Structure formats: C-alpha cells, structure tokens
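Contents: one structure, followed by commentary.
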Amino acid sequence: MIRKILIFAIVFPSFLPLWAEKPKYQYFGKAYDLKTGKYIYSDNHKEYYNNGKHIYSDIQYKDAEGKVFGTKHIEFDKNSEVPTFKMEDFRDGYTEGADVKGKSVRLFSKRKNEDPLSERTYTPKSPAVMDGGFDYFVRNNWEVLSKGERMSFHFLAPIQLDDYKFAVEKIRDGDWKGRPALYLRLEVDNFLLKQVVKPFLLVYDVQTRRILQFEGLSNINDENGKSLKVKIIYDYPKEVLEP
C-alpha cells in the first residue's frame, strides 16, 4: 500500500527556467539489491541553481547496462519540503507527481500506460513532506534531529492520492567512509502499518548535510511491478562534499 511513498531521489516541469542552463552539481547514486548485493540501477542527478538557491533538479534512472528507463523533474524554488515534481518510468508507464500551488497540492498518478491518470487536489496537514523534499526537511531540522528528538510529519504519496504519518529520529552519530555522519531511521508513525512497512535507514554527511546512503523500499519497480528493496550509495564530486 505504501510501497511508493519514498526515496531520495528528485524531478517535473511545467517549464524549465531560462536562468539555469547548466547544472551546478552532478552526482549519482547506485542501487544494490538488499539481499543479494546485485547492482540494479542508478539515479543520476543534475542540480540547477539561481543566485545560490537550488531551483530544480533533473534525474535520469539507468539500468545496470546504462540504459535510461525513467526520469524525474522536481522544483524546489517555491516549497523545498513539498516540491512540485513528476516521475515517469518508460518501461510500463508508471507515473506519479504533484503540482503545488500555495498550500494546495494536486496529486496525480497511474501504474501502467493503459491506466487513466488519477488525481486529487487538497490541502495536506502541516508539517508536510513529499518526495525529495525529505532531504530539505532533514537539513531544515538538523539541529533538532542531531539532539535525538523524534519528529513526525505527513508524507504525501501521489500513488495513493493521500498522505501518511511518518516519523524520523536519530539512530546514532558515527562515521561513514571516513566522514562524520548522522544515522537516521524513518518509519511509518502508525502502530498497525509499522508491522507491515519496515523502517528506512539513512546516513547523512555532517559537513554538507547531504544523503550518503539509503536503505529500504525504492520508488523503482522490478519486472513484476513491485518496489525493489535496495541500498543506495551516493557518489559526489569533490566540490559537493568539500564546498
């Protein structure tokens, strides 16, 4: 039910801003099957900025052979935690996204090419988070999370045309490949659903507050249309981790 709610990933345009012709940063994450360790796909990010502000990102999803099978576009300029976005998987037509206008959000999705597009417009409860906006929620609440406080919010899931209560909290402070890191657990904040949906485990870099590793259900499907269970390891260029 909640298989499509998460992953850090990013991407949708109604237009592309003319001021950001070239990405400021480019990086990628490699997704491996949690059980077998087999490399499955990569998400390849391009971040566009204006006057030092992250305006939008484009992502390409590539299979293990390097073939592009999906894209995402996500716009952070108006609401970094609840961004407008659209994701498309070219293999089966899976589509999900949101159009955010003020406090109102239009969620839309379909599972297959032949399915009609389902949509719903409503005003979610606050605090609300959606898709790649989770990264900004972590950054915006870094001090609180670092102290060990548990934070709850409503995570919007376009594929379900609804939102669900989630909570994030620190597991520990630690080290990740020689870098100081913050280890977090993200889980459904509902007793019954918690028995079905396993927590997501995330590692963030202390210096830059960027995600370094993700473990849990992916927003990418396998050949049977089920969410993959993955570990994603992010690889950044030097200028990102040492700004």
Side-chain angles (χ1 to χ4, degrees), residues 1-10 29-43 61 72 74 81-83 85 87 96 124-160 162-177 179-206 209-222 224-234:
M1 181 176 83
I2 309 180
R3 300 178 325 179
K4 294 297 175 183
I5 294 184
L6 238 161
I7 204 171
F8 306 83
I10 306 181
K30 284 191 171 183
Y32 301 86
D33 184 274
L34 264 181
K35 288 186 177 181
T36 66
K38 180 182 178 181
Y39 172 51
I40 310 173
Y41 70 88
S42 65
D43 49 77
Y61 296 95
K72 188 193 285 187
I74 187 165
E81 295 183 7
V82 186
F85 83 99
M87 175 185 173
E96 69 171 342
K125 295 179 181 178
S126 182
V129 177
M130 184 164 56
D131 201 75
F134 178 75
D135 273 351
Y136 277 103
F137 180 83
V138 170
R139 295 174 193 176
N140 295 339
N141 296 282
W142 188 267
E143 285 73 20
V144 175
L145 291 171
S146 295
K147 293 177 182 178
E149 183 173 332
R150 180 182 174 89
M151 300 191 69
S152 296
F153 55 89
H154 297 271
F155 203 104
L156 280 64
I159 191 62
Q160 301 293 339
D162 207 347
D163 60 70
Y164 298 87
K165 198 75 173 294
F166 268 71
V168 59
E169 64 182 339
K170 181 172 79 171
I171 301 173
R172 62 183 175 91
D173 296 306
D175 178 89
W176 193 90
K177 295 186 177 181
R179 300 184 66 88
L182 178 66
Y183 287 71
L184 300 175
R185 176 174 57 242
L186 174 67
E187 61 185 0
V188 181
D189 199 12
N190 176 286
F191 178 77
L192 293 177
L193 293 178
K194 193 182 297 185
Q195 312 309 309
V196 180
V197 183
K198 292 185 178 181
F200 300 86
L201 304 178
L202 309 105
V203 184
Y204 280 83
D205 181 57
V206 170
R209 302 183 181 181
R210 284 185 175 268
I211 188 169
L212 299 170
Q213 184 173 301
F214 166 91
E215 291 186 25
L217 285 177
S218 171
N219 62 340
I220 300 300
N221 291 334
D222 62 17
N224 298 313
K226 294 184 178 181
S227 294
L228 293 163
K229 296 178 181 179
V230 300
K231 173 190 284 188
I232 302 178
I233 299 175
Y234 290 89

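Heavy atoms only: backbone and side chains are in, while hydrogens, waters and symmetry mates are out. If you're wondering where the values come from, they're calculated on a predicted model, not measured in any experiment.
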Could you check Phe153 against Asp163 for side chain to side chain contact (heavy atoms under 4.5 Å, CB included), going step by step and ending with a plain yes or no?
-> CA-CA 10 Å; Phe153 55 89; Asp163 60 70; over 6 Å; no
Counting heavy atoms not belonging to Lys229, are there more than 12 under 6.0 Å from its NZ?
-> no
Does a side-chain heavy-atom distance below 4.5 Å link [X] with [Y]?
| X | Y | answer |
| --- | --- | --- |
| Lys165 | Ser152 | yes |
| Ile232 | Tyr41 | yes |
| Arg209 | Val138 | no |
| Leu202 | Ile211 | yes |
| Lys170 | Leu182 | yes |
| Ile40 | Lys231 | no |
| Phe166 | Val188 | yes |
| Val230 | Phe214 | yes |

Identify whether the distance between the nearest side-chain nitrogen and carboxylate oxygen of [X] and [Y] falls below 4.0 Å.
| X | Y | answer |
| --- | --- | --- |
| Glu187 | Arg150 | yes |
| Asp205 | Arg179 | yes |
| Lys35 | Glu215 | no |

Would you compute the distance between atom [atom1] of [X] and atom [atom2] of [Y] and round it to the nearest 0.5 angstrom?
| X | Y | atom1 | atom2 | value |
| --- | --- | --- | --- | --- |
| Leu145 | Met151 | CG | CE | 6.0 Å |
| Tyr32 | Ser42 | OH | OG | 9.5 Å |
| Asn219 | Asp131 | CG | CG | 7.0 Å |
| Met87 | Ile159 | CE | CD1 | 10.0 Å |
| Asp43 | Tyr61 | CG | OH | 6.0 Å |

Partner set under side-chain hydrogen bond (donor to acceptor under 3.5 Å, both in side chains) for Ser126, not counting sequence neighbours = none
Parallel, tilted or perpendicular: which describes the rings of Tyr204 and Trp142, with under 30° parallel and over 60° perpendicular?
->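 Perpendicular.
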Can you tell me if Asp222 uses its side chain to pair, donor with acceptor, with the backbone of Asn224 under 3.5 Å?
-> yes
Mark yes or no for whether Asn141, through its side chain, and Val144, through its backbone, hold a donor-acceptor pair below 3.5 Å.
->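 Between the backbone of Val144 and the side chain of Asn141 there is no qualifying donor-acceptor contact (under 3.5 Å).
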So among Phe155, Phe200, Phe134, which one has a side-chain contact (heavy atoms from CB on, under 4.5 Å) with Val168?
-> Phe134
Test Lys177 against Val203 for side chain to side chain contact (heavy atoms under 4.5 Å, CB included), laying out the working first.
-> CA-CA 11 Å; Lys177 295 186 177 181; Val203 184; over 6 Å; no
Please report the shortest heavy-atom distance between [X] and [Y], naming the atom on each side.
| X | Y | answer |
| --- | --- | --- |
| Gly132 | Ile74 | N-CD1, 3.8 Å |
| Pro158 | Phe85 | CG-CZ, 3.8 Å |
| Leu34 | Gly216 | CD1-N, 4.2 Å |

Quick one: is the NZ or CZ of Lys30 closer than 6.0 Å to the six-membered ring centre of Tyr39, and within 45° of its axis?
-> yes
Listed by chain and number, what are the salt bridge (Lys or Arg N to Asp or Glu O under 4.0 Å) partners of Glu149, not counting sequence neighbours?
->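 Partners of Glu149 by the salt bridge (Lys or Arg N to Asp or Glu O under 4.0 Å) criterion come out as none, since no residue qualifies.
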Carefully, step by step, assess Tyr136 and Val129 under the rule side chain to side chain contact (heavy atoms under 4.5 Å, CB included).
-> CA-CA 9 Å; Tyr136 277 103; Val129 177; over 6 Å; no
Any luck finding a side-chain donor-acceptor pair between Tyr164 and Asp189 under 3.5 Å?
-> no
Which residues share a ring pair (Phe, Tyr, Trp, His ring centres under 6.0 Å) with Tyr183, sequence neighbours left out = none
Full working for side chain to side chain contact (heavy atoms under 4.5 Å, CB included) between Arg185 and Leu201 = CA-CA 5 Å; Arg185 176 174 57 242; Leu201 304 178; 4.2 Å; yes
